[in-house]
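A quick write-up on the structure given underneath.
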Amino acid sequence: MLEPFVSSIDFSSGKLRDYDNKLDRKLSSMLGMFADKDIFDQMLAKEDSMVYEVFEKEVPEQSGQLAHAVTVIHPGKVGNEYFMTKGHFHVKENNAEIYLGIKGNGGIIMQNKEGQSSYYPIEPGTVAYVAPYWAHRTVNTGNVAFSFLAIYPADAGHDYGSIEQIGFPKLVVEQNSHPELVDNPKFTR
Ligand code: S6P
Ligand code: ZN
């Protein structure tokens with residue numbers, strides 16, 4: 001049986017100090033996910049920049065366990081589209097999730113299977129409820145690292161599926177120095 005434990009977040013960097021696993025998501029792992037392919041290719045040819053890192057505590061992927069991880073999205077854009085996570089549905093689609101904003105400014109874009117979308121800004125202290133059945137992606141809309149804590153059923157699973165090729169109904173882009181939602185031309189339903 002797993003024993004109780006603690007971990008700690010460094011609020012100045014937004015990172016989890018004593019993580020068990022770290023996932024690195026660089027531009028090369030996000031082929032086809034940003035709308036402007038030409039600018040993406042130019043950026044990747046120059047440097048395979050880090051887009052986001054996920055710091056995980058390890059718990060068994062079993063019903064009843066709560067996985068928790070800190071995601072740090074680096075500041076940056078591909079054209080006018082903010083650096084973002086891949087985004088996913090949970091394999092167990094009825095599993096919800098909680099996000100807590102830790103550092104920086106960002107947002108969460110969500111979609112359901114009917115093609116509806118929902119967007120909320122996240123700042124330090126914001127608690128976002130990802131309802132069951134809603135896919136979720138986060139974006140960094142600021143000039144510094146954007147970090148948040150995610151807590152979710154450890155057996156929820158990640159379904160990246162069509163999101164990797166098509167994305168969300170809306171793109172989160174910078175317009176006149178502010179985040180705006182615009183229609184995603186690839187998303188037709
Ligand atoms: C897991 C939770 C987060 C994300 C992380 C990276 O359910 O939503 O820990 O895994 O933010 O995003 P993604 O879409 O690449 O898994
Ligand atoms: Zn999730």
Side-chain angles (χ1 to χ4, degrees), residues 7 9 13-16 18-34 48-76 78 81-113 117-124 126-142 145-172 184:
S7 52
I9 293 169
S13 68
K15 297 180 179 180
L16 190 64
D18 29 19
Y19 58 88
D20 297 313
N21 308 308
K22 180 158 101 76
L23 300 176
D24 289 343
R25 295 284 184 237
K26 296 185 172 183
L27 280 176
S28 58
S29 58
M30 300 193 71
L31 299 178
M33 302 192 79
F34 288 93
D48 191 9
S49 307
M50 187 71 81
V51 180
Y52 62 102
E53 299 164 86
V54 186
F55 301 83
E56 298 177 336
K57 287 304 288 182
E58 196 165 299
V59 303
E61 289 181 13
Q62 292 167 357
S63 166
Q65 303 278 0
L66 285 175
H68 47 294
V70 169
T71 302
V72 178
I73 308 179
H74 292 255
V78 175
E81 191 175 14
Y82 295 110
F83 275 12
M84 62 191 184
T85 59
K86 291 182 174 204
H88 58 271
F89 285 95
H90 291 147
V91 175
K92 292 196 172 173
E93 293 180 325
N94 66 350
N95 280 196
E97 179 159 3
I98 296 280
Y99 281 5
L100 168 65
I102 301 291
K103 176 187 157 77
N105 286 83
I108 180 166
I109 175 88
M110 293 172 275
Q111 66 166 308
N112 64 16
K113 287 267 159 98
S117 63
S118 170
Y119 177 83
Y120 288 98
I122 297 182
E123 61 183 16
T126 304
V127 180
Y129 182 63
V130 180
Y133 302 101
W134 286 77
H136 37 290
R137 159 182 285 167
T138 40
V139 300
N140 182 345
T141 57
F146 166 56
S147 156
F148 60 91
L149 169 70
I151 305 169
Y152 53 101
D155 57 345
H158 296 79
D159 172 11
Y160 295 97
S162 63
I163 289 176
E164 282 189 312
Q165 297 311 319
I166 297 167
F168 283 66
K170 303 283 181 187
L171 309 177
V172 190
N184 173 4

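These figures come from a predicted structure and were not determined experimentally. Atoms within each ligand, like the ligands themselves, are counted from 1 in listed order.
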Would you mind running through ligand 1 and noting each atom that sits below 4.0 Å from a heavy atom of [X]?
| X | value |
| --- | --- |
| Y160 | 13 (P), 14 (O), 15 (O), 16 (O) |
| F148 | 11 (O) |
| T85 | 12 (O) |
| K86 | 14 (O), 15 (O) |
| V54 | 6 (C) |
| Y52 | 6 (C), 13 (P), 15 (O) |
| Y99 | 2 (C), 3 (C), 8 (O) |

Could you label the plane-to-plane angle of the H90 and Y152 rings as parallel, tilted or perpendicular, counting under 30° as parallel and over 60° as perpendicular?
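Ring orientation, 0 to 90° scale: parallel.
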Does the plane of the ring in F148 sit parallel, tilted or perpendicular to the ring in F146? Use 30° and 60° as the thresholds.
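Tilted, since the angle between the ring planes falls between 30° and 60°.
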In plain terms, say whether D24 and K26 are close enough for a salt bridge, that is, a side-chain N and a carboxylate O under 4.0 Å apart.
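Not counted as a salt bridge, because no side-chain N and carboxylate O are separated by less than 4.0 Å.
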Electrostatic pair E53:K22 at N-O distance under 4.0 angstrom
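The answer is yes: the pair qualifies as a salt bridge.
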Determine whether a donor-acceptor pair (N or O, by modelled atom type, separation under 3.5 Å) exists between the side chain of R137 and the backbone of T85.
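Yes; judged by distance alone, with no hydrogens or angles, the pair exists.
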Which value, rounded to the nearest 0.5 Å, describes the distance between [X] atom [atom1] and [Y] atom [atom2]?
| X | Y | atom1 | atom2 | result |
| --- | --- | --- | --- | --- |
| D159 | E164 | CG | CD | 9.5 Å |
| K86 | L23 | NZ | CG | 9.5 Å |
| W134 | I108 | CH2 | CD1 | 11.0 Å |
| E81 | N184 | CD | CG | 8.0 Å |

If you have a sec, work out which protein heavy atom is nearest [atom] and how many Å separate them, to one decimal?
| atom | value |
| --- | --- |
| atom 9 (O) of ligand 1 | A150 CB, 3.8 Å |
| atom 7 (O) of ligand 1 | E97 OE1, 3.0 Å |
| atom 11 (O) of ligand 1 | T71 OG1, 2.7 Å |
| atom 4 (C) of ligand 1 | H88 CE1, 3.8 Å |

Heavy-atom neighbours of E61 CD exceed 12 at 6.0 Å
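Counting neighbours around CD of E61, 12 or fewer heavy atoms of other residues, nucleotides or ligands fall under 6.0 Å, so no.
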4.0 Å heavy-atom contact, G87 with ligand 1
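Contact check G87 vs ligand 1: positive.
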Examine the side chains of [X] and [Y] and answer whether a donor and an acceptor come within less than 3.5 Å of each other.
| X | Y | value |
| --- | --- | --- |
| H68 | E56 | no |
| D48 | S28 | yes |
| E58 | N21 | yes |

Quick check: R25 and ligand 1, any N/O pair under 3.5 Å apart?
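Min N/O separation from ligand 1 is not below 3.5 Å for R25.
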Region of E56 engaging ligand 1 - heavy atom pairs below 4.0 Å
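Near ligand 1, E56 shows nothing, with every heavy atom at 4.0 Å or more.
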Taking non-hydrogen atoms only, is H136 closer than 4.0 angstrom to ligand 1 via side chain, backbone, both or neither?
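Near ligand 1, H136 shows its side chain, while the N, CA, C and O stay back.
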Ring centres under 6.0 Å, that's the criterion: do F83 and H74 meet it?
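Not under 6.0 Å, so no.
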Below 2.8 Å of the Zn ion (ligand 2), tally up the protein N/O/S atoms for me.
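The number of such protein atoms is 4.
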Would you tell me which option among H158, E164, M30 has the nearest heavy-atom contact to atom 10 (O) of ligand 1?
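Nearest heavy atom to atom 10 (O) of ligand 1 lies in H158.
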